[in-house]
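Notes to accompany the following structure.
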Amino acid sequence: MLETTSHNPLTAGLSHTLLPEPCSIVIFGGAGDLSRRKLVPALYNLMLDGLLPAGIAIVGFARTDLDDARFRQLARAGIEKHSRRPLEEPAWSAFEKRLFFVRGPFGEASSYADLAKRLEAIEPGCGVPGNRIFYLSVPPSAMGTCVEGLRGAGLVRAGAARPFSRIIVEKPIGRDLASAQALNDGLAASFREDQIFRIDHYLGKETVQNLLVMRFANAIFEPLWNHKYVDHVQITVAEEEGVGTRAGYYEEAGALRDMVQNHILQILCLTAMEPPWTLSADVVRDHKLEVLSCLRSISGSDALRSVVRAQYGSGVHRGVEVPGYRREPNVRPDSVTETYVAIEAYIDNWRWAGVPFFLRTGKRMPRRASEIAVQFKGVPPILFNADAASPLEANVLALRIQPDEGISLRVATKLPGPKVRIFPVKMDFRYGTTFGEQSPEAYERLLLDVMAGDATLFMRRDAVEASWRWVTNILEAWEDAATRWLPEYSAGTWGPLEAEKLIQSPLRNWRTP
Ligand code: BG6
């Protein structure tokens, strides 16, 4: 594997040593939404940045009736609409030559034989030495078939063999612990764990990666990062949009499966993990797994006390009346799928003993905003904090993941004037202001890492199953409760009253990010 020899802080990433290798990327579901909106634009931007390896072929693979020319048109439209940077003709004409399409249903052996033949034909001209990445952008029910098809056609090379075969799997990886295990078993029958890249696109976001840099490249935070100084932590992933056109999927998922099992628990791991002694993939992932292993299980009646779920009702979004969840297209009128969830969680280890982690996510909230906020304990009740009736506001370190990426620290200051009056101010760092240019999209970073064989930002099997184990307890408690109605929050608000009660104490409130 290629290694960079000198340390360049601008190109060094979290794992920073591996370089992307020439390869073919086969996108299963290449005509689909994810491919057009995210994957193809991400690859195009990587090319603009000169980060793609010189040898590259991008092959859409699906049953859709397309050929190379029409796939290229589709890709172009996707870039025009969704790319971080605009389409430039000379760059596009170089890029499109690397795009191909193979048509075939996933359930038929002949599709994979066609795919194999086509890859053999195009790779020499594209400078690809036979390395292949298979990106499964397909529903979980189709994954087993795709893996079987690849294996049957001899398209999977074993373990560390060269040229390499790698597989990328999109979420949802199962819908509970048992189905996740079955899916992972299916993958393991054909691929070794280090060939499998389970994507959680939140891990590719700049600010999520910055969490480790913040914690471990600065001297001032880590000494405070524990139960002695931290009062509680809030992790919020708020979305403005409703369920949109995805009700078919979402009705079966809900916020706990869709957002908590993966994105929020991954953020929690990075926030709470012990310092890894190296940034190699397995060491980082071992340390993340420890957090999941220490998460206090929430089951039975605890789930009804420590977890709030709710559904958005009708309301106003950007000045327009919008329907409640149960009235969205393709949603059952008596649906009890949660569009909001808030959880009081505890990590029972030495560092975090007794510190609540409040997690929340919801659709149709007032705005899109994701952040991690660490609220520190108050100062002793003497001097400026002596008045019990109006305690000082605590210090809060907030890491904004999106959209306005940055970091802010709330500190108490003296209001100018003859009296001593305390006023909380915010010290603010904004990515946009400091670094100017737009951060790369999560998929850019993640695709590059797969080409380099770096799994640091991908979920290992044990972590996926550990988070499902925790989430499945809650799901089972909900199932036992057999609720026929969920609390509602009006579209465009920050969630139900029940969630306020979950957190409320004199010094604790949900933040308004
Ligand atoms: C996806 C969920 O994983 O993440 C969606 O399935 C959600 O429901 C999306 O909207 C949010 O991602 P982002 O990057 O827009 O915050």
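All residue numbers in this chain count up from 1 along the given sequence.
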Checking [X] side chain against [Y] main chain: does a donor-acceptor pair fall under 3.5 Å?
X    : Y    : result
T207 : I401 : yes
W352 : W225 : no
W468 : I173 : yes

Those residues at least two apart in sequence (or on a different chain) that pass salt bridge (Lys or Arg N to Asp or Glu O under 4.0 Å) with E241 are none

Residues D282, R460; criterion salt bridge (charged side-chain N to carboxylate O under 4.0 Å, His left out); working and verdict
CA-CA 9 Å; D282 275 328; R460 211 168 53 188; 2.7 Å; yes

Under 3.5 Å, is there a donor-acceptor pair linking the side chains of N349 and E290? no

Are N262 and S467 linked by a side-chain donor-acceptor pair shorter than 3.5 Å?
no

When you measure from the centre of the six-membered ring of F191, is the NZ or CZ of R157 under 6.0 Å away and within 45° of the axis?
no

Q: Assess whether salt bridge (charged side-chain N to carboxylate O under 4.0 Å, His left out) is satisfied between K117 and E120, documenting all intermediate values.
A: CA-CA 5 Å; K117 235 187 287 158; E120 295 291 338; over 6 Å; no

In this structure, CZ of R192 is separated from CZ of R166 (nearest 0.5 Å) by 11.0 Å

CD (E328) and OG1 (T337) are apart, to the nearest 0.5 Å, by 12.5 Å

Close side-chain approach of [X] to [Y], heavy-atom, < 4.5 Å:
X    : Y    : value
L119 : V59  : yes
V147 : L136 : yes
R257 : P172 : no

> Looking at Y112 versus F61, is the centre-to-centre ring distance below 6.0 Å?
Replying inline: yes

Return all side-chain donor-acceptor pairs below 3.5 angstrom for residues 127-135, not counting sequence neighbours, or 'none' if the list is empty.
{"residue": "N131", "atom": "OD1", "partner": "F164", "partner atom": "N", "Å": "2.8"}
{"residue": "N131", "atom": "ND2", "partner": "P22", "partner atom": "O", "Å": "2.8"}
{"residue": "R132", "atom": "NE", "partner": "E123", "partner atom": "OE2", "Å": "2.9"}
{"residue": "R132", "atom": "NH2", "partner": "E123", "partner atom": "OE1", "Å": "2.9"}
{"residue": "Y135", "atom": "OH", "partner": "E170", "partner atom": "OE2", "Å": "2.6"}

Can you list, pair by pair, the side-chain donor-acceptor contacts under 3.5 Å of residues 87-94, counting residues two or more places apart and other chains?
{"residue": "E89", "atom": "OE1", "partner": "R76", "partner atom": "NH1", "Å": "3.4"}
{"residue": "E89", "atom": "OE2", "partner": "R76", "partner atom": "NH2", "Å": "2.6"}
{"residue": "S93", "atom": "OG", "partner": "P90", "partner atom": "O", "Å": "3.3"}

| said: If you apply the rule salt bridge (charged side-chain N to carboxylate O under 4.0 Å, His left out), what do you find for E251 with R175, and how did you get there? | reply: CA-CA 12 Å; E251 269 287 87; R175 61 183 325 275; over 6 Å; no

Listed pairs under 3.5 Å, donor-acceptor, residues 29-42 side chains, sequence neighbours left out:
{"residue": "S35", "atom": "OG", "partner": "G30", "partner atom": "O", "Å": "2.7"}
{"residue": "R36", "atom": "NE", "partner": "A31", "partner atom": "O", "Å": "3.1"}
{"residue": "R36", "atom": "NE", "partner": "G32", "partner atom": "O", "Å": "3.4"}

(Q) The test is salt bridge (charged side-chain N to carboxylate O under 4.0 Å, His left out); show your working for R461 and D185 and say whether it passes. (A) CA-CA 10 Å; R461 172 177 189 157; D185 285 344; 2.7 Å; yes

- [ ] Hey, can you tell me if F95 and Y44 have their rings parallel, tilted or perpendicular (30° and 60° cut-offs)?
- [x] perpendicular

For residues 101-111, which side-chain N or O atoms pair as donor and acceptor with protein atoms under 3.5 Å away, sequence neighbours left out?
{"residue": "R103", "atom": "NE", "partner": "R63", "partner atom": "O", "Å": "3.3"}
{"residue": "S111", "atom": "OG", "partner": "P105", "partner atom": "O", "Å": "2.5"}
{"residue": "S111", "atom": "OG", "partner": "E108", "partner atom": "O", "Å": "3.3"}

- Task: Would you indicate whether D480, at its atom CG, is surrounded by more than 12 heavy atoms from other residues, nucleotides or ligands within a distance under 6.0 Å?
- Result: yes

Residue pairs passing the salt bridge (Lys or Arg N to Asp or Glu O under 4.0 Å) test with at least one member in residues 258-273, sequence neighbours excluded, are K171-D258

